[in-house]
Structures are given as C-alpha cells and as structure tokens.
Amino acid sequence: MNTSRQVGSLDRLRFHSTDLTDERFTPHTPSNTDAGFREIPLREDPVRLAVPAAHPLAGATRPNLADLAEDTWASGCERCRGHLLRACARAGFSPRIAFATDDHIAVQRLVARGLAVTAMPALAFALHREPGVAPPPCTGLGRRRITALVAAGPVPPAVAALLDEIVTVARDAPPTAADPGDTEDTGDTGDAGDGAGDAVSGARGR
C-alpha cells in the first residue's frame, strides 16, 4: 500500500500508483478532485497569524490583517500562498512575500528571527511552536478543510483499514481553536467525523 501527498499526488492516485492521499482546501480554494475520486472529510483547521515576539502586534488583543500591510511575509505551499493572497486582497492589500517554503518549522524560524510574518494552519503550531513566535488572534484568515482521497470504486481492505484509523484519529483529536471573531464562511461541512465514517463504510460496501 502506498500513500502520497502534495505535488503530483492526485495523478498518482488517478493512475493507481498510490492508494491514498490527502487534500486540503479552503472555501476560496476549491478541491482539485473529480468523479474519479472519493473524498472523505476529516476536520477543519483554522489558519493563524504568526509574528515575531517583538512585533508591535504580538500582544494585540485583536489585530486586523490590514495592520500587516507593510510587513514582509513568508508563505507556504502554492495553495497556502493562494489562500494568503486572497485573504490579504479581501483586507485591501497585496502582501510583500519574500520567502516561500512548505516547511512549517523553517517558516516559524524566519518569523522568530524577525525576517517575516506569516499565516499558517493551527495544526502546524500543535506540531511545533518555535520560541520567539507569537500568534495573536487575527480575523480574516479563515480555515482549511482536510480530507482523505481514494480512487473511486472498491477500496482494498488494507486501505479501508488505514482510513478507519485516520477517521478515528481525526474524530477524537481535540479541535484547534479558531481566532475569536473569525466568521469567514467555510461552507456546510457538518460533522466531519460522522461523514468520514459514512464514506469509509460506503467504500467497504462497494
């Protein structure tokens, strides 16, 4: 059984060179999937602001995204960069992006050294929190939706068993708190855990 993620993963899934991949998108970044895939929703993940601990807004109670219009930014992967650009455009500015990497630890270290500010998923902070980085609550950054993808059609038993484990972990994990006052519409996601279980059960029955 093979698993894959990021660049080229959908093509590998489409041509059966991998069995399972993940997909993360926001309401403003639609999924790349089509009828050739089955999508199992897992959870939502708020996007959080990260600034240097010495930044003037590090201790702000609720800064606006527009307050960072003059800052230098670091961005993540192509989709994260697109989400950032759209969020900043809604706030009325175009961010000056000087760094780009999908390594969350590297991005946090750029921030900790005062070289940039950034926006990253809350789960990234759950995995690693670099000293010298402050995540002040900031409205307007929204959240991403995380799903598992398998090819349409019967799911091999090993893949179904792995999906069961992934769904259980996603369902039982504590939620990552959204920034207070962030009311961006994320679409009707319902209960991700229940929907995931239904999708896996349906896959087994095919």
Side-chain angles (χ1 to χ4, degrees), residues 5-9 22-32 42-147 170 173-187 189 192:
R5 64 188 296 268
Q6 298 296 330
V7 179
S9 59
D22 69 328
E23 176 84 345
R24 290 153 291 169
F25 58 95
T26 71
H28 303 283
T29 308
S31 171
N32 286 331
L42 298 175
R43 66 180 296 156
E44 287 192 346
D45 186 20
V47 178
R48 303 298 302 270
L49 178 67
V51 302
H55 192 281
L57 297 180
T61 56
R62 192 172 164 185
N64 294 314
L65 193 56
D67 296 335
L68 295 122
E70 301 302 319
D71 284 78
T72 298
W73 287 79
S75 72
C77 68
E78 182 179 351
R79 285 202 160 195
C80 292
R81 180 188 179 102
H83 177 74
L84 175 63
L85 290 172
R86 283 182 289 273
C88 291
R90 292 193 297 274
F93 72 98
S94 178
R96 185 173 67 253
I97 298 175
F99 308 97
T101 173
D102 60 2
D103 185 329
H104 289 157
I105 295 177
V107 170
Q108 289 192 48
R109 287 177 177 169
L110 288 169
V111 173
R113 285 157 178 75
L115 298 175
V117 298
T118 194
M120 63 173 49
L123 283 174
F125 287 114
L127 294 172
H128 176 79
R129 177 76 175 273
E130 185 74 15
V133 174
C138 179
T139 61
L141 286 172
R143 62 199 70 194
R144 64 178 184 165
R145 186 182 183 194
I146 304 174
T147 67
T176 46
D179 282 327
D182 193 344
T183 57
E184 179 182 350
D185 180 21
T186 58
T189 57

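Heavy-atom basis, side chains included; hydrogens, waters and symmetry copies ignored. Nothing here was measured: the structure is a model prediction, and the numbers come from that model.
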Stepwise side chain to side chain contact (heavy atoms under 4.5 Å, CB included) check, V51 with D71: CA-CA 10 Å; V51 302; D71 284 78; over 6 Å; no
Give the minimum heavy-atom separation between [X] and [Y], together with the two atoms involved.
| X | Y | result |
| --- | --- | --- |
| H104 | A124 | ND1-CB, 3.2 Å |
| L68 | F93 | O-CE1, 4.2 Å |
| A100 | G76 | CB-O, 4.5 Å |
| A58 | A53 | CB-O, 3.4 Å |
| A66 | A91 | CB-O, 3.7 Å |
| L84 | P95 | CG-CG, 4.5 Å |

Spacing of [X] atom [atom1] and [Y] atom [atom2] [to the nearest 0.5 Å]:
| X | Y | atom1 | atom2 | answer |
| --- | --- | --- | --- | --- |
| N64 | L49 | CG | CG | 11.0 Å |
| I146 | R143 | CD1 | CZ | 12.0 Å |
| R90 | L85 | CZ | CG | 11.0 Å |

Whether the side chain of Q108 engages the backbone of H128 through a donor-acceptor N/O pair (distance < 3.5 Å, no angle test) should be reported. yes
Between H83 (side chain only) and L141 (backbone N and O only), is there a donor and an acceptor less than 3.5 Å apart? yes
Just to verify, what does R96 make a side-chain hydrogen bond (donor to acceptor under 3.5 Å, both in side chains) with, not counting sequence neighbours? T72
Could you list the residues that satisfy side-chain hydrogen bond (donor to acceptor under 3.5 Å, both in side chains) with D103, not counting sequence neighbours? none
Give every donor-acceptor pair under 3.5 Å between a side-chain atom in residues 114-123 and any protein atom, sequence neighbours left out.
unit_1, atom_1, unit_2, atom_2, d
T118, OG1, A74, O, 2.6

